[in-house]
Amino acid sequence: MYYANFSPQSTPALRIITVSGNGKVLAAASYVQLQIEVSTQGENVQEAQQENANIMNRVLQSILALNIPREKVQTATYNIAPIYDFVDAKQVFKGYEVSNAITVKIPDTNQVGAVIDTAVQNGANRISSIQFKIDNVDVYYQQALSLALQNAQMKAKTIAETMQLPLHPQPIEIVEEHESGPVLYKTMAMAESSISTPIEQGQMTVSATVRVKFPY
C-alpha cells in the first residue's frame with residue numbers, strides 16, 4: 001500500500017484595490033411638470049367651494065387656451081379644512097379653507113413662464129413646484145454608467161502606477177450604487193407682475209456611481 005504525504009501549499013492572500021467611479025452626463029429637459037393651486041376661504045363650506053370652483057375653472061380654461069392638451073392636466077389634491085383664530089388664548093372658529101391643486105405637464109419647456117403668468121392672472125395663488133424632467137432617462141444613465149466604469153479604471157491604474165503595483169485590469173467585483181433620479185426642483189410663491197416670469201431650465205445632470213475592486 002502506498003501513502004503520499006501532501007503538504008498544503010499556502011495560498012497567497014488576494015490583494016485588492018477598491019475605488020469609486022463617477023460619471024455624469026448633461027441633458028436638456030424634455031418636459032416640465034408644475035403644480036398650480038387655488039386656495040379660497042369662506043364662512044361656510046359651500047361658499048368656499050363655489051368660489052374655488054369658479055377660480056379653478058377659469059385657471060384651467062386659460063391654461064388650455066395656451067394649447068396645453070387636457071390630458072396633460074390632472075387633479076393633484078383637493079382639501080377642505082376648518083380655520084381657527086386665537087382670541088384671548090381661546091380657539092375661535094373662523095370658517096373653512098378649500099385648496100384645489102392641479103398638476104400640469106408642459107411639453108414645451110419654453111412655455112413654463114407663460115403658463116405660470118396665465119394661471120396667476122386668472123386667480124391661482126400658489127405654484128408649489130416646478131420639476132424639469134427627462135424622457136428616456138435610462139439612455140443617459142447608461143452613458144453615465146459607462147463613464148463611471150472608465151473613471152474607476154483610471155483611478156485604479158493611477159494608484160497602481162504610483163505605488164508600483166502589478167494591477168490586473170479585470171475587476172473581481174463591480175457594485176452599482178443607485179442615486180436619485182435627475183430632477184431639477186424649484187418652489188415658487190405667487191407672483192403678480194406685468195413682466196413675464198423668467199424660468200431658467202439650464203441643463204440637468206444624470207449621474208452614475210460604481211464601486212469596483214481590482215486585484216493586484
Side-chain angles (χ1 to χ4, degrees), residues 23-42 45-81 83 96-145 176 178-208:
K24 295 182 179 180
V25 174
L26 296 179
S30 305
Y31 65 94
V32 180
Q33 184 170 290
L34 59 86
Q35 189 165 291
I36 298 172
E37 184 175 335
V38 172
S39 180
T40 54
Q41 297 181 359
V45 173
Q46 291 77 16
E47 176 186 337
Q49 280 184 306
Q50 187 59 57
E51 182 184 5
N52 193 287
N54 291 339
I55 296 174
M56 181 54 82
N57 283 331
R58 192 165 65 242
V59 170
L60 180 58
Q61 293 305 316
S62 68
I63 291 174
L64 296 178
L66 295 175
N67 295 320
I68 302 296
R70 182 176 288 272
E71 62 269 20
K72 303 296 184 183
V73 181
Q74 292 182 327
T75 297
T77 61
Y78 188 89
N79 296 314
I80 300 175
I83 306 172
Y96 291 92
E97 181 178 46
V98 176
S99 299
N100 187 2
I102 58 174
T103 299
V104 182
K105 182 177 179 180
I106 308 171
D108 183 358
T109 58
N110 295 317
Q111 203 176 7
V112 181
V115 171
I116 292 174
D117 291 340
T118 299
V120 170
Q121 290 164 10
N122 283 276
N125 45 21
R126 183 175 301 167
I127 309 297
S128 58
S129 69
I130 302 176
Q131 300 180 48
F132 292 86
K133 297 190 175 183
I134 305 173
D135 285 327
N136 302 318
V137 66
D138 192 57
V139 173
Y140 295 97
Y141 180 74
Q142 297 302 327
Q143 296 176 17
L145 188 59
E176 178 186 8
H178 294 281
E179 298 184 0
S180 58
V183 175
L184 175 59
Y185 184 93
K186 297 182 180 179
T187 59
M188 294 183 62
M190 181 187 70
E192 295 186 23
S193 173
S194 59
I195 302 175
S196 178
T197 300
I199 302 296
E200 299 296 332
Q201 59 174 290
Q203 287 186 307
M204 304 179 67
T205 302
V206 181
S207 302

- In Å, rounded to the nearest 0.5 Å, how long is the span from CD1 of Ile106 to CG of Leu34? 4.0 Å

- Distance, nearest 0.5 Å, that separates CD of Glu97 from CD1 of Ile83: 5.0 Å

- Item | Any side-chain donor near an acceptor of the partner, Asn54 and Gln50, under 3.5 Å | yes

- Query: What residues, two or more places apart in sequence or in another chain, satisfy salt bridge (charged side-chain N to carboxylate O under 4.0 Å, His left out) together with Glu37?
  - Reply: Arg126

Validation row: [X], [Y] side chains within 4.5 angstrom (heavy atoms):
| X | Y | value |
| --- | --- | --- |
| Val139 | Tyr141 | no |
| Ile102 | Met56 | yes |
| Tyr96 | Gln41 | no |
| Thr205 | Val25 | no |

Mark yes or no for whether [X], through its side chain, and [Y], through its backbone, hold a donor-acceptor pair below 3.5 Å.
| X | Y | result |
| --- | --- | --- |
| Asp135 | Ser30 | no |
| Thr103 | Gln35 | no |
| Asn52 | Val98 | yes |

- Only one of Ile116, Asn122, Val120 passes side-chain contact (heavy atoms from CB on, under 4.5 Å) with Thr118, and that residue is Asn122

- Qualifying residue for side-chain contact (heavy atoms from CB on, under 4.5 Å) with Val115, from Ile127, Val32, Asp108, Ile36: Ile36

So which heavy atom on [X] is nearest to which on [Y], and how close?
| X | Y | value |
| --- | --- | --- |
| Ser39 | Ser99 | OG-OG, 3.5 Å |
| Val112 | Thr109 | CG2-O, 3.2 Å |
| Ile134 | Ala27 | CD1-CB, 3.8 Å |
| Gly42 | Ala48 | N-CB, 3.7 Å |

- Query: For atom CD of Gln142, is the number of surrounding heavy atoms from other residues, nucleotides or ligands below 6.0 Å larger than 12?
  - Reply: yes

- Geometric cation-pi criterion Lys105 and Tyr31, 6.0 Å radius, 45° cone: yes

Please output the side-chain donor-acceptor pairs of residues 64-71 that fall under 3.5 Å, not counting sequence neighbours, one pair per line with the distance.
none

- Message: Restricting to side-chain hydrogen bond (donor to acceptor under 3.5 Å, both in side chains), what partner residues turn up for Glu47, sequence neighbours left out?
- Response: none

- Any chance you could lay out the side chain to side chain contact (heavy atoms under 4.5 Å, CB included) test for Gln49 and Ile80, step after step, and finish with the verdict? CA-CA 9 Å; Gln49 280 184 306; Ile80 300 175; 3.4 Å; yes

